[in-house]
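First up is the structure itself, then whatever we jot down about it.
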Amino acid sequence: MCGRYVLVMDEDGIAKLIQEQDIDHEWFSRLEQEGRVLETSSTERPSFTSYNIAPTHLAPIVINRSGSRQLELARWSFVPSFWSNDPSENPKFSTFNARDDKLKSSGFWRGAVEQYRCMVPATGFYEWEKAGKERLPHYIHRKDGEMMALAGLYSLRANPETGETLTTFTVVTTPTNRFMEPLHDRIPLVLGGIEDELWSVWLDPRTRFEQVERHVASREWPEMAMHRVSTDVNATGKAKYKNEPGLIEPVKRVEEQGGLL
DNA sequence: CCAGACGTTGTT
DNA sequence: GTCTGG
DNA sequence: CCAGACGTTGTT
DNA sequence: GTCTGG
């Protein structure tokens, strides 16, 4: 299910990602305003790095607008356009994932899957193993260390007070594969690597959802690897929240550490 | 027709 | 247990 | 996703 | 908005 992920996108990574597209410079200024620039450079070229992206955080997504692809900062937790956009009214439930089998049958996702598909760039994501009361996080990433493209849906809503457009998104999930089965029965819909054509196909509203899904749903992931990481990533909130490269470093299980405790 | 709900994961 | 916040 | 809070009255 | 239930 993908409820926490990592994106290490340096300047070259963005350049590689957007290639022929124009990036709004608004994008970079907004990053700064939100205080979400975790890695700043002296140049004006934007970058984005977070080792701990959680629901409600802002993260970059790629969308189709006015016939071109754009990189947008969006809030992770989809809010449909038909819900109140009064900031004082909170959504009734959180929607950071969307089941692939519900996209067409539920009115909640219907409009988005037809008109508002997005690509969520990720370097890797976390998955927790339940061990009694403990939640042991694992990091799943491509063996080559490159970014991957997750299937997502987004919505645009105008904030009536500020007039600003609020972009929100969700990550599509699908039944697990053999690689992930030991950890979870649902996994994110990975459209492939960042150079893969498939995510462009996904963004094209003329593409039928079933067409893309047939290629990627529950396929095996020979390109992926995983290892356990420190529970440092678990914490949210202000006091204990961590966001540092060490979060994705491998740690051994206690029983493998030679009883040092 | 109108009114009301619209999600996920994981657990049992 | 369930809901909220990050 | 996980962690943390979850209530009231009455006071400043 | 769109789907379901009555």
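The basis for the numbers below is simple: all heavy atoms, side chains too, and nothing from hydrogens, waters or symmetry mates. Labels below follow one simple rule: chain letters A, B, ... track the order of the sequence lines, proteins then strands, and each chain is numbered from 1. Bear in mind that the values here come from a model prediction, so they are computed numbers and not experimental data.
Separating the NZ atom of A/K242 from the C1' atom of D/dA3 is a distance of 13 Å, rounded to the nearest angstrom. For A/K238 and C/dG5, the NZ to C1' distance is 10 Å, given to the nearest whole Å.
Contact annotation: A/R110 side-chain N/O to B/dC6 OP1/OP2 distance is not under 4.0 Å. Listed pair A/T170 / B/dG7 fails the phosphate criterion, with no side-chain N or O lying under 4.0 Å from OP1 or OP2. Note on A/W109: a side-chain N or O is less than 4.0 Å away from OP1 or OP2 of B/dT8. At B/dT9, one or more side-chain N or O atoms of A/R186 fall inside 4.0 Å of OP1 or OP2 (strictly under the cut-off).
Here A/G237 lies in heavy-atom contact (under 4.0 Å) with sugar-phosphate atoms only. Backbone-only contact: A/K240 has heavy atoms under 4.0 Å from sugar-phosphate atoms and none from a base. Across all strands, A/S105 comes closer than 4.0 Å only to sugar-phosphate atoms, never to a base (heavy-atom distances).
Atom P of B/dT12 sits at a distance of 15 Å from the matching atom of D/dC1, rounded to the whole Å. Spacing of C1' atoms, C/dT2 relative to B/dG7, comes out at 16 Å, to the nearest Å. Taking atom C1' on both D/dC2 and B/dT9, the two are 12 Å apart, rounded to the nearest angstrom. Of the P atoms belonging to C/dG6 and B/dA5, the separation is 27 Å, rounded to the nearest Å. Taking atom C1' in both B/dA3 and D/dT8, one finds a spacing of 36 Å when rounded to whole Å.
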Evaluate A/W83 against A/F108 for ring pair (Phe, Tyr, Trp, His ring centres under 6.0 Å), listing each step before the verdict. CA-CA 10 Å; A/W83 272 4; A/F108 194 85; 5.4 Å; yes
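For the residue pair A/S155 / A/T168, a side-chain donor-acceptor distance below 3.5 Å is found, with atom types taken as modelled. Residues A/R4 and A/N52 have side chains that bring a donor and an acceptor to within less than 3.5 angstrom of each other.
Under the 4.5 Å side-chain heavy-atom criterion for ILVMFWY residues, no single connected hydrophobic cluster contains both A/V120 and A/L166.
The base of C/dG5 sits within donor-acceptor range of the side chain of A/T236, with an N or O pair under 3.5 Å. Evaluation of atom-type donor-acceptor distances gives no pair under 3.5 Å for the side chain of A/T95 against the base of B/dG7.
Looking only at side-chain heavy atoms (C-beta outward), A/Y126 and A/N234 stay at 4.5 Å or farther from each other.
Applying the Watson-Crick and G-U wobble criteria (two distances, each under 3.5 Å), E/dT2 pairs with B/dA5.
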